[in-house]
Amino acid sequence: MQPHLKKAFTLLAIAIIGFIVVRSFIVPVSFGQYGWYRGDAIIDSMNFEIRHAGSATCGEENCHNSIYSIWIDSKHKTVNCETCHGPSEKHVNNVRIMPEPVNDTRDFCGMCHFKSAARPEEFPQIDPDTHGENLRCAYCHNPHKPWFV
Amino acid sequence: MIGEIKMKLSRREFARIGCRVIIGATAGSAIIESIVTNSVASEDPPKGEYDWKEHLWGYVIDTRKCIGCGRCANACKLENEVPFDEPVYRTWVERYRELKDKDVKIDSPNGGINGFIDDVPAEEINKAFYVPKICNHCENPPCVQVCPVGATFSTEDGVVLVDYKYCIGCRYCIQGCPYGARYFNTEKGTADKCTWCYHRITKGLLPACVQACPVGARIFGDLKNPESEVNKILDKERINVLKPDLGTKPKVYYVGLDREVR
(Lines give C-alpha, C1' and ligand atoms only; values in the text may rest on other atoms or scores of the structure.)
Protein backbone atom coordinates (compact mmCIF):
# COMPACT_ATOMS: atom_id res chain seq x y z
CA MET A 1 0.00 0.00 0.00
CA GLN A 2 1.27 3.48 -0.77
CA PRO A 3 2.16 5.65 2.20
CA HIS A 4 -0.33 8.43 1.45
CA LEU A 5 -3.13 5.85 1.38
CA LYS A 6 -1.98 4.41 4.66
CA LYS A 7 -1.99 7.86 6.19
CA ALA A 8 -5.48 8.45 4.89
CA PHE A 9 -6.72 5.14 6.29
CA THR A 10 -5.15 5.81 9.65
CA LEU A 11 -6.75 9.25 9.82
CA LEU A 12 -10.07 7.72 8.84
CA ALA A 13 -9.75 5.08 11.53
CA ILE A 14 -8.94 7.74 14.13
CA ALA A 15 -11.92 9.81 12.98
CA ILE A 16 -14.25 6.80 13.28
CA ILE A 17 -12.99 5.94 16.72
CA GLY A 18 -13.28 9.57 17.77
CA PHE A 19 -16.86 9.65 16.51
CA ILE A 20 -17.79 6.45 18.34
CA VAL A 21 -16.18 7.60 21.58
CA VAL A 22 -17.84 11.03 21.47
CA ARG A 23 -21.16 9.44 20.49
CA SER A 24 -21.06 7.02 23.39
CA PHE A 25 -20.70 10.02 25.71
CA ILE A 26 -23.45 12.23 24.31
CA VAL A 27 -26.10 9.68 23.32
CA PRO A 28 -28.20 8.92 26.41
CA VAL A 29 -28.13 5.35 27.71
CA SER A 30 -31.80 4.69 27.05
CA PHE A 31 -31.71 6.00 23.48
CA GLY A 32 -32.91 3.25 21.15
CA GLN A 33 -34.42 1.19 23.96
CA TYR A 34 -37.81 1.09 22.19
CA GLY A 35 -37.19 3.01 19.00
CA TRP A 36 -35.32 6.01 17.72
CA TYR A 37 -35.81 8.04 20.88
CA ARG A 38 -34.81 8.17 24.53
CA GLY A 39 -36.71 5.42 26.36
CA ASP A 40 -36.57 7.32 29.66
CA ALA A 41 -38.58 10.16 28.09
CA ILE A 42 -41.66 7.96 28.52
CA ILE A 43 -41.02 7.70 32.24
CA ASP A 44 -40.59 11.50 32.36
CA SER A 45 -43.97 11.98 30.69
CA MET A 46 -45.63 9.45 33.00
CA ASN A 47 -44.25 11.16 36.09
CA PHE A 48 -45.65 14.61 35.31
CA GLU A 49 -47.62 15.99 38.25
CA ILE A 50 -51.38 15.40 38.34
CA ARG A 51 -53.43 18.56 39.07
CA HIS A 52 -57.08 17.49 38.70
CA ALA A 53 -58.18 15.02 41.35
CA GLY A 54 -61.64 14.17 39.98
CA SER A 55 -65.09 14.63 41.50
CA ALA A 56 -65.22 11.18 43.11
CA THR A 57 -62.30 12.24 45.30
CA CYS A 58 -64.25 15.29 46.53
CA GLY A 59 -67.14 13.02 47.52
CA GLU A 60 -65.12 10.75 49.77
CA GLU A 61 -66.13 10.02 53.36
CA ASN A 62 -65.41 12.98 55.72
CA CYS A 63 -64.88 15.30 52.77
CA HIS A 64 -67.59 17.07 50.72
CA ASN A 65 -69.88 14.10 50.96
CA SER A 66 -73.10 16.11 51.36
CA ILE A 67 -72.43 18.46 48.43
CA TYR A 68 -71.33 15.48 46.36
CA SER A 69 -74.48 13.51 47.10
CA ILE A 70 -76.82 16.30 45.98
CA TRP A 71 -74.61 17.06 42.97
CA ILE A 72 -74.45 13.47 41.75
CA ASP A 73 -78.16 13.31 41.03
CA SER A 74 -78.56 16.88 39.82
CA LYS A 75 -78.64 18.37 36.34
CA HIS A 76 -75.04 19.43 36.97
CA LYS A 77 -73.72 15.90 37.50
CA THR A 78 -71.84 16.16 34.20
CA VAL A 79 -70.13 19.36 35.35
CA ASN A 80 -67.24 18.19 37.50
CA CYS A 81 -66.39 20.00 40.73
CA GLU A 82 -63.03 21.12 39.36
CA THR A 83 -64.60 22.59 36.24
CA CYS A 84 -65.96 25.33 38.50
CA HIS A 85 -63.56 25.15 41.45
CA GLY A 86 -60.27 24.66 39.62
CA PRO A 87 -57.64 21.94 39.96
CA SER A 88 -57.62 20.58 43.51
CA GLU A 89 -55.18 17.69 43.71
CA LYS A 90 -52.96 19.77 46.02
CA HIS A 91 -55.97 20.44 48.25
CA VAL A 92 -56.79 16.72 48.34
CA ASN A 93 -53.27 15.91 49.49
CA ASN A 94 -53.19 18.72 52.04
CA VAL A 95 -56.50 20.26 53.10
CA ARG A 96 -54.71 23.40 54.29
CA ILE A 97 -53.95 24.29 50.67
CA MET A 98 -57.27 25.70 49.45
CA PRO A 99 -58.28 25.54 45.81
CA GLU A 100 -58.56 28.86 43.98
CA PRO A 101 -61.69 30.77 45.07
CA VAL A 102 -64.62 29.84 42.84
CA ASN A 103 -65.66 32.28 40.13
CA ASP A 104 -69.29 32.98 41.10
CA THR A 105 -69.97 35.75 38.58
CA ARG A 106 -72.82 35.65 36.08
CA ASP A 107 -70.30 35.54 33.26
CA PHE A 108 -68.86 32.27 34.53
CA CYS A 109 -72.17 30.43 34.43
CA GLY A 110 -72.74 32.28 31.18
CA MET A 111 -69.80 30.62 29.48
CA CYS A 112 -72.05 27.58 29.38
CA HIS A 113 -75.52 29.07 29.62
CA PHE A 114 -75.70 32.45 27.87
CA LYS A 115 -77.58 32.27 24.61
CA SER A 116 -75.28 31.66 21.67
CA ALA A 117 -76.03 30.93 18.03
CA ALA A 118 -73.38 28.22 17.73
CA ARG A 119 -74.67 26.21 20.72
CA PRO A 120 -76.88 23.18 20.18
CA GLU A 121 -80.45 24.43 20.51
CA GLU A 122 -81.50 21.78 23.02
CA PHE A 123 -78.90 22.96 25.53
CA PRO A 124 -80.53 25.13 28.25
CA GLN A 125 -79.59 28.74 27.52
CA ILE A 126 -80.80 32.03 28.92
CA ASP A 127 -80.76 35.60 27.72
CA PRO A 128 -78.38 37.41 30.11
CA ASP A 129 -80.19 40.72 29.61
CA THR A 130 -83.58 39.51 30.79
CA HIS A 131 -82.92 36.45 33.00
CA GLY A 132 -82.41 36.71 36.74
CA GLU A 133 -82.64 40.48 37.19
CA ASN A 134 -78.87 40.86 36.97
CA LEU A 135 -78.42 39.03 40.28
CA ARG A 136 -75.70 36.47 40.91
CA CYS A 137 -76.93 33.17 39.51
CA ALA A 138 -76.26 31.38 42.81
CA TYR A 139 -78.77 33.74 44.44
CA CYS A 140 -81.55 31.66 42.89
CA HIS A 141 -79.85 28.48 41.63
CA ASN A 142 -77.71 26.22 43.74
CA PRO A 143 -74.64 25.64 41.57
CA HIS A 144 -74.43 22.12 43.02
CA LYS A 145 -78.02 21.39 42.13
CA PRO A 146 -79.52 24.02 39.82
CA TRP A 147 -83.13 23.02 40.66
CA PHE A 148 -82.72 22.85 44.43
CA VAL A 149 -85.66 24.35 46.26
CA MET B 1 24.38 -4.89 8.43
CA ILE B 2 21.57 -7.21 7.42
CA GLY B 3 20.73 -7.71 11.06
CA GLU B 4 20.55 -3.96 11.63
CA ILE B 5 18.12 -3.45 8.70
CA LYS B 6 16.03 -6.31 9.92
CA MET B 7 15.93 -4.82 13.38
CA LYS B 8 14.83 -1.39 12.04
CA LEU B 9 12.18 -2.89 9.82
CA SER B 10 10.75 -5.12 12.43
CA ARG B 11 10.57 -2.28 14.92
CA ARG B 12 8.58 -0.21 12.47
CA GLU B 13 6.55 -3.23 11.51
CA PHE B 14 5.91 -3.89 15.18
CA ALA B 15 4.68 -0.37 15.80
CA ARG B 16 2.50 -0.49 12.73
CA ILE B 17 0.94 -3.85 13.56
CA GLY B 18 0.55 -2.80 17.17
CA CYS B 19 -1.24 0.38 16.17
CA ARG B 20 -3.53 -1.49 13.81
CA VAL B 21 -4.38 -4.07 16.43
CA ILE B 22 -5.18 -1.43 19.03
CA ILE B 23 -7.18 0.67 16.59
CA GLY B 24 -9.04 -2.33 15.24
CA ALA B 25 -9.83 -3.73 18.65
CA THR B 26 -11.07 -0.40 20.01
CA ALA B 27 -13.18 0.35 16.95
CA GLY B 28 -14.56 -3.17 16.84
CA SER B 29 -15.50 -3.31 20.48
CA ALA B 30 -16.93 0.22 20.40
CA ILE B 31 -19.06 -0.61 17.37
CA ILE B 32 -20.27 -3.87 18.89
CA GLU B 33 -20.98 -2.18 22.19
CA SER B 34 -22.88 0.69 20.59
CA ILE B 35 -24.97 -1.80 18.63
CA VAL B 36 -25.64 -4.05 21.59
CA THR B 37 -26.53 -1.36 24.11
CA ASN B 38 -28.55 0.99 21.92
CA SER B 39 -30.11 -0.16 18.72
CA VAL B 40 -31.63 -3.46 19.78
CA ALA B 41 -35.32 -2.86 20.44
CA SER B 42 -36.14 -3.91 23.96
CA GLU B 43 -39.14 -6.11 24.52
CA ASP B 44 -39.80 -4.77 28.00
CA PRO B 45 -42.44 -2.05 28.35
CA PRO B 46 -41.61 0.89 30.64
CA LYS B 47 -41.34 0.08 34.32
CA GLY B 48 -44.27 0.06 36.68
CA GLU B 49 -47.71 -1.48 36.68
CA TYR B 50 -48.83 0.10 33.41
CA ASP B 51 -48.33 -2.18 30.42
CA TRP B 52 -48.38 -0.11 27.25
CA LYS B 53 -48.76 -3.18 25.07
CA GLU B 54 -52.27 -3.72 26.39
CA HIS B 55 -53.59 -0.35 25.18
CA LEU B 56 -54.09 1.71 22.06
CA TRP B 57 -55.64 5.04 22.92
CA GLY B 58 -58.24 6.78 20.77
CA TYR B 59 -60.29 9.96 21.03
CA VAL B 60 -63.74 10.84 19.75
CA ILE B 61 -65.10 14.40 19.41
CA ASP B 62 -68.84 14.82 18.96
CA THR B 63 -69.16 18.28 17.44
CA ARG B 64 -72.95 18.13 17.70
CA LYS B 65 -72.73 18.28 21.49
CA CYS B 66 -70.05 20.96 22.00
CA ILE B 67 -71.39 24.12 23.65
CA GLY B 68 -68.18 26.11 23.24
CA CYS B 69 -67.63 26.78 26.95
CA GLY B 70 -63.88 26.30 26.53
CA ARG B 71 -63.52 24.54 29.91
CA CYS B 72 -61.48 21.84 28.12
CA ALA B 73 -58.87 24.31 26.90
CA ASN B 74 -58.78 25.92 30.34
CA ALA B 75 -58.40 22.63 32.23
CA CYS B 76 -55.68 21.56 29.79
CA LYS B 77 -53.60 24.66 30.46
CA LEU B 78 -54.00 24.20 34.21
CA GLU B 79 -53.16 20.50 34.15
CA ASN B 80 -50.18 20.74 31.84
CA GLU B 81 -48.55 24.07 32.75
CA VAL B 82 -49.20 25.59 29.35
CA PRO B 83 -48.43 29.34 29.58
CA PHE B 84 -51.68 31.27 30.07
CA ASP B 85 -50.35 34.61 28.84
CA GLU B 86 -49.38 33.29 25.42
CA PRO B 87 -51.66 32.31 22.52
CA VAL B 88 -50.55 28.66 22.60
CA TYR B 89 -52.87 25.72 23.19
CA ARG B 90 -52.71 21.95 23.37
CA THR B 91 -56.42 21.87 22.74
CA TRP B 92 -58.74 24.68 21.72
CA VAL B 93 -62.26 25.30 20.44
CA GLU B 94 -63.02 26.85 17.05
CA ARG B 95 -66.29 28.48 16.11
CA TYR B 96 -67.59 28.07 12.56
CA ARG B 97 -70.30 30.42 11.34
CA GLU B 98 -71.71 30.15 7.86
CA LEU B 99 -73.44 33.43 7.08
CA LYS B 100 -76.45 33.91 4.85
CA ASP B 101 -74.16 35.21 2.11
CA LYS B 102 -72.24 31.87 2.29
CA ASP B 103 -69.25 33.56 3.83
CA VAL B 104 -67.68 31.28 6.46
CA LYS B 105 -66.24 32.90 9.57
CA ILE B 106 -63.86 30.83 11.68
CA ASP B 107 -62.53 32.14 14.98
CA SER B 108 -61.09 30.96 18.26
CA PRO B 109 -60.53 33.94 20.60
CA ASN B 110 -57.95 32.83 23.19
CA GLY B 111 -58.66 29.23 22.23
CA GLY B 112 -62.18 29.64 23.62
CA ILE B 113 -60.89 29.85 27.19
CA ASN B 114 -62.84 33.05 27.89
CA GLY B 115 -65.91 31.82 26.04
CA PHE B 116 -67.32 33.28 22.84
CA ILE B 117 -69.22 36.50 22.25
CA ASP B 118 -71.96 36.61 19.61
CA ASP B 119 -70.68 39.47 17.45
CA VAL B 120 -72.84 38.57 14.46
CA PRO B 121 -76.62 38.86 14.81
CA ALA B 122 -78.39 35.48 14.75
CA GLU B 123 -80.52 36.58 11.76
CA GLU B 124 -77.44 36.75 9.52
CA ILE B 125 -76.28 33.23 10.34
CA ASN B 126 -77.20 30.15 8.34
CA LYS B 127 -75.58 27.66 10.64
CA ALA B 128 -73.07 27.83 13.41
CA PHE B 129 -71.25 25.27 15.50
CA TYR B 130 -68.16 24.68 17.60
CA VAL B 131 -65.32 22.34 16.70
CA PRO B 132 -62.88 21.31 19.42
CA LYS B 133 -59.37 20.71 18.13
CA ILE B 134 -56.56 18.69 19.65
CA CYS B 135 -53.44 16.80 18.53
CA ASN B 136 -54.59 13.87 16.39
CA HIS B 137 -51.85 11.54 17.62
CA CYS B 138 -51.49 10.33 14.05
CA GLU B 139 -50.51 6.79 13.28
CA ASN B 140 -48.25 8.36 10.63
CA PRO B 141 -47.07 11.51 12.41
CA PRO B 142 -45.27 14.01 10.14
CA CYS B 143 -43.88 15.76 13.22
CA VAL B 144 -42.01 12.62 14.28
CA GLN B 145 -40.61 12.14 10.81
CA VAL B 146 -39.10 15.62 10.65
CA CYS B 147 -37.50 15.69 14.10
CA PRO B 148 -33.74 15.63 13.51
CA VAL B 149 -32.77 14.37 16.97
CA GLY B 150 -35.41 11.82 17.92
CA ALA B 151 -36.94 14.12 20.54
CA THR B 152 -40.50 13.29 19.53
CA PHE B 153 -41.87 9.83 19.01
CA SER B 154 -44.90 7.53 18.98
CA THR B 155 -45.35 5.24 21.97
CA GLU B 156 -46.53 1.63 21.71
CA ASP B 157 -49.95 2.69 23.04
CA GLY B 158 -50.38 5.23 20.26
CA VAL B 159 -49.46 8.57 21.84
CA VAL B 160 -47.07 11.09 20.28
CA LEU B 161 -44.84 12.56 22.97
CA VAL B 162 -42.02 15.11 23.22
CA ASP B 163 -38.75 14.48 25.02
CA TYR B 164 -38.25 17.86 26.75
CA LYS B 165 -34.71 17.03 27.84
CA TYR B 166 -33.63 16.14 24.32
CA CYS B 167 -35.52 18.65 22.15
CA ILE B 168 -33.20 21.26 20.63
CA GLY B 169 -36.04 23.69 19.88
CA CYS B 170 -35.56 23.78 16.10
CA ARG B 171 -39.34 24.05 15.51
CA TYR B 172 -39.35 21.70 12.47
CA CYS B 173 -42.14 19.66 14.05
CA ILE B 174 -44.25 22.79 14.56
CA GLN B 175 -43.89 23.50 10.85
CA GLY B 176 -44.47 19.86 9.99
CA CYS B 177 -47.80 19.45 11.77
CA PRO B 178 -50.64 19.98 9.28
CA TYR B 179 -53.11 20.50 12.14
CA GLY B 180 -51.27 23.30 13.93
CA ALA B 181 -51.37 21.21 17.08
CA ARG B 182 -47.81 21.96 18.18
CA TYR B 183 -46.42 25.13 19.72
CA PHE B 184 -43.18 26.49 21.07
CA ASN B 185 -43.05 26.56 24.83
CA THR B 186 -40.97 29.61 25.72
CA GLU B 187 -40.75 28.54 29.37
CA LYS B 188 -39.25 25.15 28.55
CA GLY B 189 -37.43 26.33 25.41
CA THR B 190 -38.72 23.29 23.55
CA ALA B 191 -41.51 22.28 21.22
CA ASP B 192 -44.60 21.18 23.09
CA LYS B 193 -47.89 19.46 22.40
CA CYS B 194 -50.81 17.51 23.77
CA THR B 195 -49.85 14.25 25.45
CA TRP B 196 -53.44 13.08 25.96
CA CYS B 197 -52.35 13.68 29.58
CA TYR B 198 -50.01 10.69 29.45
CA HIS B 199 -49.35 11.11 33.18
CA ARG B 200 -53.07 10.63 33.83
CA ILE B 201 -54.07 7.94 31.32
CA THR B 202 -51.24 5.66 32.41
CA LYS B 203 -52.75 5.80 35.91
CA GLY B 204 -56.27 5.02 34.77
CA LEU B 205 -57.50 8.64 34.81
CA LEU B 206 -59.07 10.56 31.93
CA PRO B 207 -57.29 13.41 30.14
CA ALA B 208 -58.07 16.75 31.83
CA CYS B 209 -60.02 18.07 28.82
CA VAL B 210 -62.26 15.01 28.70
CA GLN B 211 -62.95 15.29 32.41
CA ALA B 212 -63.76 18.98 32.07
CA CYS B 213 -66.23 18.61 29.21
CA PRO B 214 -69.74 19.11 30.69
CA VAL B 215 -71.64 17.66 27.72
CA GLY B 216 -69.67 14.55 26.78
CA ALA B 217 -68.46 15.99 23.48
CA ARG B 218 -65.02 14.53 24.18
CA ILE B 219 -64.73 10.80 24.65
CA PHE B 220 -61.47 9.03 25.37
CA GLY B 221 -60.76 5.33 25.54
CA ASP B 222 -58.92 2.21 24.57
CA LEU B 223 -59.22 1.05 20.96
CA LYS B 224 -57.94 -2.37 22.02
CA ASN B 225 -60.88 -2.84 24.37
CA PRO B 226 -63.98 -3.82 22.34
CA GLU B 227 -66.22 -2.68 25.23
CA SER B 228 -64.80 0.86 25.40
CA GLU B 229 -67.04 3.80 24.62
CA VAL B 230 -64.83 4.98 21.75
CA ASN B 231 -65.16 1.61 20.06
CA LYS B 232 -68.93 1.63 20.50
CA ILE B 233 -69.13 5.04 18.86
CA LEU B 234 -66.78 4.01 16.04
CA ASP B 235 -69.02 0.99 15.40
CA LYS B 236 -72.28 2.90 15.51
CA GLU B 237 -71.73 6.44 14.21
CA ARG B 238 -70.63 7.96 10.95
CA ILE B 239 -67.17 9.22 11.72
CA ASN B 240 -64.60 11.36 10.01
CA VAL B 241 -61.06 12.55 10.58
CA LEU B 242 -59.41 15.87 9.73
CA LYS B 243 -57.51 16.06 6.42
CA PRO B 244 -57.79 12.33 5.65
CA ASP B 245 -56.14 12.85 2.25
CA LEU B 246 -52.79 13.62 3.92
CA GLY B 247 -52.44 10.01 4.97
CA THR B 248 -51.53 10.90 8.54
CA LYS B 249 -54.14 8.47 9.91
CA PRO B 250 -55.39 10.52 12.87
CA LYS B 251 -56.64 8.78 16.00
CA VAL B 252 -59.02 11.64 16.84
CA TYR B 253 -62.35 10.73 15.26
CA TYR B 254 -65.07 13.32 14.68
CA VAL B 255 -68.81 12.71 14.81
CA GLY B 256 -71.03 15.19 12.97
CA LEU B 257 -68.22 17.01 11.23
CA ASP B 258 -69.32 19.65 8.73
CA ARG B 259 -67.73 19.76 5.28
CA GLU B 260 -66.50 23.30 5.99
CA VAL B 261 -64.21 22.12 8.79
CA ARG B 262 -60.54 22.02 7.93
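In what follows, chains carry the letters A, B, and so on, assigned in the order in which the sequence lines appear, proteins first and then strands, with residues in each chain numbered from 1. Because only heavy atoms are used, hydrogens play no part in the values below, and waters and symmetry mates are left out as well, while side chains stay in.
Of all heavy-atom pairs between His199(B) and Ile50(A), the closest is CD2-CG1, 3.8 Å. Smallest separation of non-hydrogen atoms from Glu79(B) and Glu49(A): OE2-O, 3.8 Å. Across every non-hydrogen atom of Pro214(B) and Thr78(A), the tightest pair is O-OG1, 2.7 Å. For Ala117(A) against Asp118(B), the heavy-atom pair with the smallest separation is N-OD2, 3.0 Å. Ile42(A) approaches Tyr198(B) most closely through the heavy-atom pair CG2-CE2, 3.9 Å. Shortest non-hydrogen contact noted between Gly115(B) and Met111(A) is N-SD, 3.8 Å.
Looking at Arg97(B), neither its backbone nor its side chain comes within 4.5 Å of chain A, counting heavy atoms on both sides. Proximity to chain B (any heavy atom under 4.5 Å) is shown, for Phe48(A), by both the backbone and the side chain. The contact between Ser154(B) and chain A is made entirely by backbone atoms, counting heavy-atom distances below 4.5 Å. Contacts of Lys127(B) with chain A are absent, with no heavy-atom separation under 4.5 Å from either backbone or side chain. Heavy atoms of Ile22(B) lying under 4.5 Å from chain A are absent altogether. Neither the backbone nor the side chain of Cys72(B) comes within contact range of chain A, judged by heavy atoms closer than 4.5 Å. Interface residue Cys213(B): only backbone heavy atoms are found under 4.5 Å from chain A. Neither the backbone nor the side chain of Phe9(A) has a heavy atom closer than 4.5 Å to any heavy atom of chain B. Contact annotation for Ala208(B): only side-chain heavy atoms (C-beta onward) come within less than 4.5 Å of a heavy atom of chain A. Contacts between Asn114(B) and chain A at a heavy-atom distance below 4.5 Å involve the backbone alone (N, CA, C, O). Of the two parts of Thr195(B), neither the backbone nor the side chain holds a non-hydrogen atom closer than 4.5 Å to a non-hydrogen atom of chain A. Only the side chain of Ile125(B) comes within contact range of chain A, with heavy atoms under 4.5 Å apart. Looking at Lys77(A), there are no atoms closer than 4.5 Å to chain B (heavy atoms on both sides), in backbone or side chain.
Asp44(A) places no side-chain N or O within donor-acceptor distance of the main-chain N or O of Tyr164(B), the cut-off being under 3.5 Å. A distance-only check finds no donor-acceptor pair linking the side chain of Asn80(A) to the backbone of Ala212(B) [under 3.5 Å]. With hydrogens and angles ignored, the 3.5 Å screen pairs a side-chain donor or acceptor of Arg119(A) with a backbone N or O of Ile67(B). With hydrogens and angles ignored, the 3.5 Å screen pairs no side-chain donor or acceptor of Lys165(B) with any backbone N or O of Arg38(A).
Here Leu78(B) contributes atom CG and Ser88(A) contributes atom OG; the two are 10.0 Å apart, rounded to the nearest 0.5 Å. Atom CZ of Arg16(B) is separated from atom NZ of Lys6(A) by 4.5 Å, given to the nearest 0.5 angstrom. In this structure, Trp52(B) CH2 and Tyr34(A) OH are separated by 5.5 Å, a value rounded to the nearest 0.5 Å. Separating the NE2 atom in His52(A) from the CZ atom in Arg200(B) is a distance of 7.0 Å, to the nearest 0.5 Å.
No other option in Tyr37(A), Phe114(A), Trp36(A), Phe108(A) has as many heavy-atom pairs under 4.5 Å with chain B as Tyr37(A). Contact count against chain A (heavy-atom pairs under 4.5 Å) is highest for Asn80(B) among Thr152(B), Thr155(B), Asn80(B). Residue with the most contacts toward chain A among Gly68(B), Ala151(B), Ala75(B), Ala122(B): Ala75(B) (heavy-atom pairs, distance under 4.5 Å). The most heavy-atom pairs under 4.5 Å with chain B, out of Gly54(A), Ala41(A), Pro120(A), Gly110(A), come from Pro120(A). Contact count against chain A (heavy-atom pairs under 4.5 Å) is highest for Cys69(B) among Gly70(B), Cys69(B), Cys66(B). No other option in Leu205(B), Val149(B), Val144(B) has as many heavy-atom pairs under 4.5 Å with chain A as Val149(B).
Taking the six-membered ring for Trp and the full ring otherwise, the centers of Tyr166(B) and Phe31(A) sit less than 6.0 Å from each other.
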CA sep, side-chain torsions, deciding dist, call: Arg71(B), Thr83(A), side chain to side chain contact (heavy atoms under 4.5 Å, CB included): CA-CA 7 Å; Arg71(B) 295 310 84 210; Thr83(A) 308; 3.5 Å; yes

Criterion side chain to side chain contact (heavy atoms under 4.5 Å, CB included) on Phe123(A) and Val215(B), from CA distance to verdict: CA-CA 9 Å; Phe123(A) 187 81; Val215(B) 289; 3.8 Å; yes

Step-by-step side chain to side chain donor-acceptor pair (under 3.5 Å) determination, Tyr130(B) to Ser116(A): CA-CA 11 Å; Tyr130(B) 295 107; Ser116(A) 158; 2.9 Å; yes

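The 12-atom threshold is exceeded at CG of Leu12(A), counting heavy atoms of other residues, nucleotides or ligands nearer than 6.0 Å. In Glu229(B), the CD atom is not crowded: 12 or fewer heavy atoms of neighbouring residues, nucleotides or ligands sit closer than 6.0 Å. Shown here is Lys100(B), whose NZ atom has more than 12 heavy atoms of other residues, nucleotides or ligands within 6.0 Å. Other residues, nucleotides and ligands place more than 12 heavy atoms under 6.0 Å from the NZ atom of Lys188(B). By the 6.0 Å contact criterion, CD on Glu100(A) is open, its count of non-hydrogen atoms from other residues, nucleotides or ligands being 12 or less. Heavy-atom neighbours of Phe84(B) CZ from other residues, nucleotides or ligands within 6.0 Å: above the threshold of 12.
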